[in-house]
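Just the heavy atoms: all of them, side chains too, but no hydrogens, waters or symmetry mates, feed the values below.
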Amino acid sequence: VQLQASGGGLVQPGGSLRLSCAASQSIFSFDFMRWYRQAPGKQRELVAHITKDGSTIYADSVKDRFTISRDNAENTVTLQMSSLKPEDTAVYYCNGYLNFLYWGQGTQVTVSS
């Protein structure tokens with residue numbers, strides 16, 4: 001299974017970005033899908049998590065600003081980010097679990113004026 005993350009870029013504080021994670025096969029059976037991020041000099045942290053039944057969990061730092069969703073028909077997991085802050089700057093990674101933990105490559109998000 002290959003996961004391809006996309007949608008990163010440069011955005012001003014307060015702006016929005018939509019990240020997508022496209023899978024090479026159906027994600028219907030994946031137990032969960034997640035977005036992580038890693039800022040320079042910091043450990044990778046969990047940003048958002050969505051289970052097979054659509055239950056979600058968010059890091060406190062992004063709650064009420066980010067929304068994770070999954071489209072099983074399109075084999076895609078999306079992270080809608082709004083009210084972005086400079087501290088959201090990081091490389092964002094997606095992963096998913098189906099008997100094995102699969103990781104996608106990262107996509108850079110930079111929040112700066």
Side-chain angles (χ1 to χ4, degrees):
V1 179
Q2 292 186 331
L3 301 178
Q4 180 79 31
S6 62
L10 173 64
V11 63
Q12 292 187 340
S16 298
L17 274 178
R18 184 181 179 92
L19 304 184
S20 292
C21 177
S24 60
Q25 69 178 58
S26 174
I27 63 170
F28 179 80
S29 297
F30 275 61
D31 294 296
F32 61 77
M33 302 291 295
R34 290 174 172 169
W35 283 97
Y36 281 79
R37 67 186 180 187
Q38 187 166 19
K42 295 188 177 181
Q43 289 188 333
R44 191 171 295 189
E45 64 171 343
L46 176 64
V47 174
H49 164 106
I50 186 165
T51 63
K52 185 186 301 186
D53 66 0
S55 299
T56 57
I57 298 174
Y58 297 93
D60 287 343
S61 58
V62 306
K63 208 170 289 184
D64 299 324
R65 299 189 298 121
F66 290 12
T67 301
I68 188 171
S69 60
R70 62 191 288 171
D71 186 335
N72 292 331
E74 296 293 329
N75 301 327
T76 300
V77 176
T78 297
L79 185 69
Q80 178 67 48
M81 308 186 294
S82 59
S83 302
L84 284 162
K85 305 175 181 180
E87 51 264 42
D88 294 318
T89 295
V91 178
Y92 284 71
Y93 300 88
C94 61
N95 76 11
Y97 183 82
L98 178 62
N99 301 317
F100 183 82
L101 189 60
Y102 298 93
W103 284 89
Q105 92 295 352
T107 185
Q108 175 71 46
V109 172
T110 302
V111 185
S112 175
S113 54

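Heavy atoms from other residues, nucleotides or ligands lying under 6.0 Å from CD of E87 number more than 12.
Residue S26 comes nearest to F28 through the heavy atom pair OG-N, 3.1 Å, listed as atom of the first residue, atom of the second, then distance. Listed here is the closest heavy atom pair of C94 and L3: SG-CB, 4.0 Å. Taking each heavy atom of R34 and H49 in turn, the nearest pair found is NE-ND1, 2.8 Å. Pairing each heavy atom of R37 with each of S61, the nearest pair is NH2-OG, 3.3 Å.
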Identify each donor-acceptor pair in which a side-chain atom of residues 14-24 lies under 3.5 Å from a protein atom, sequence neighbours left out, and give them as a table.
{"from": "R18", "atom 1": "NH1", "to": "Q80", "atom 2": "OE1", "distance (Å)": "3.1"}
{"from": "S24", "atom 1": "OG", "to": "Q2", "atom 2": "N", "distance (Å)": "2.8"}

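Counting Ile, Leu, Val, Met, Phe, Trp and Tyr side chains that sit under 4.5 Å apart, directly or through other members, V91 shares a hydrophobic cluster with F32, Y36, L46, Y93, Y97, L101, W103.
Separation of atoms OG1 (T107) and CD (Q4) is listed at 9.0 Å; rounding is to 0.5 Å. Note that OG1 of T110 and CD of Q12 are 13.0 Å apart. Values are rounded to the nearest 0.5 Å. I68 contributes atom CD1, which lies 9.0 Å from atom OG1 of T78 (distance to the nearest 0.5 angstrom). Of the inter-residue distances, the one linking I27 atom CD1 with I50 atom CD1 reads 8.5 Å to the nearest 0.5 angstrom. Once rounded to the nearest 0.5 Å, the distance linking CG of L98 with CD of Q25 reads 6.5 Å. In this structure, the separation between CE on M33 and NZ on K52 is 12.5 Å, given to the nearest 0.5 Å.
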Evaluation steps, side-chain contact (heavy atoms from CB on, under 4.5 Å), between Y58 and D64: CA-CA 9 Å; Y58 297 93; D64 299 324; over 6 Å; no
Worked check of side-chain contact (heavy atoms from CB on, under 4.5 Å) between S112 and L10: CA-CA 7 Å; S112 175; L10 173 64; 4.2 Å; yes
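Taking S6 as the reference, nothing meets the side-chain hydrogen bond (donor to acceptor under 3.5 Å, both in side chains) condition, with sequence neighbours excluded. Residues passing the side-chain hydrogen bond (donor to acceptor under 3.5 Å, both in side chains) test with S82, sequence neighbours excluded: none. Under the rule for a side-chain contact (heavy atoms from CB on, under 4.5 Å), the partners of K42 that lie at least two apart in sequence or sit in another chain are A39. Scanning for ring pair (Phe, Tyr, Trp, His ring centres under 6.0 Å) contacts around Y102 gives F100, with sequence neighbours left out.
Shown are V109, V62, D88; of these, the side chain to side chain contact (heavy atoms under 4.5 Å, CB included) with M81 is made only by V109.
Using a 4.0 Å cut-off between charged side-chain N and carboxylate O, D60 and K63 make a salt bridge.
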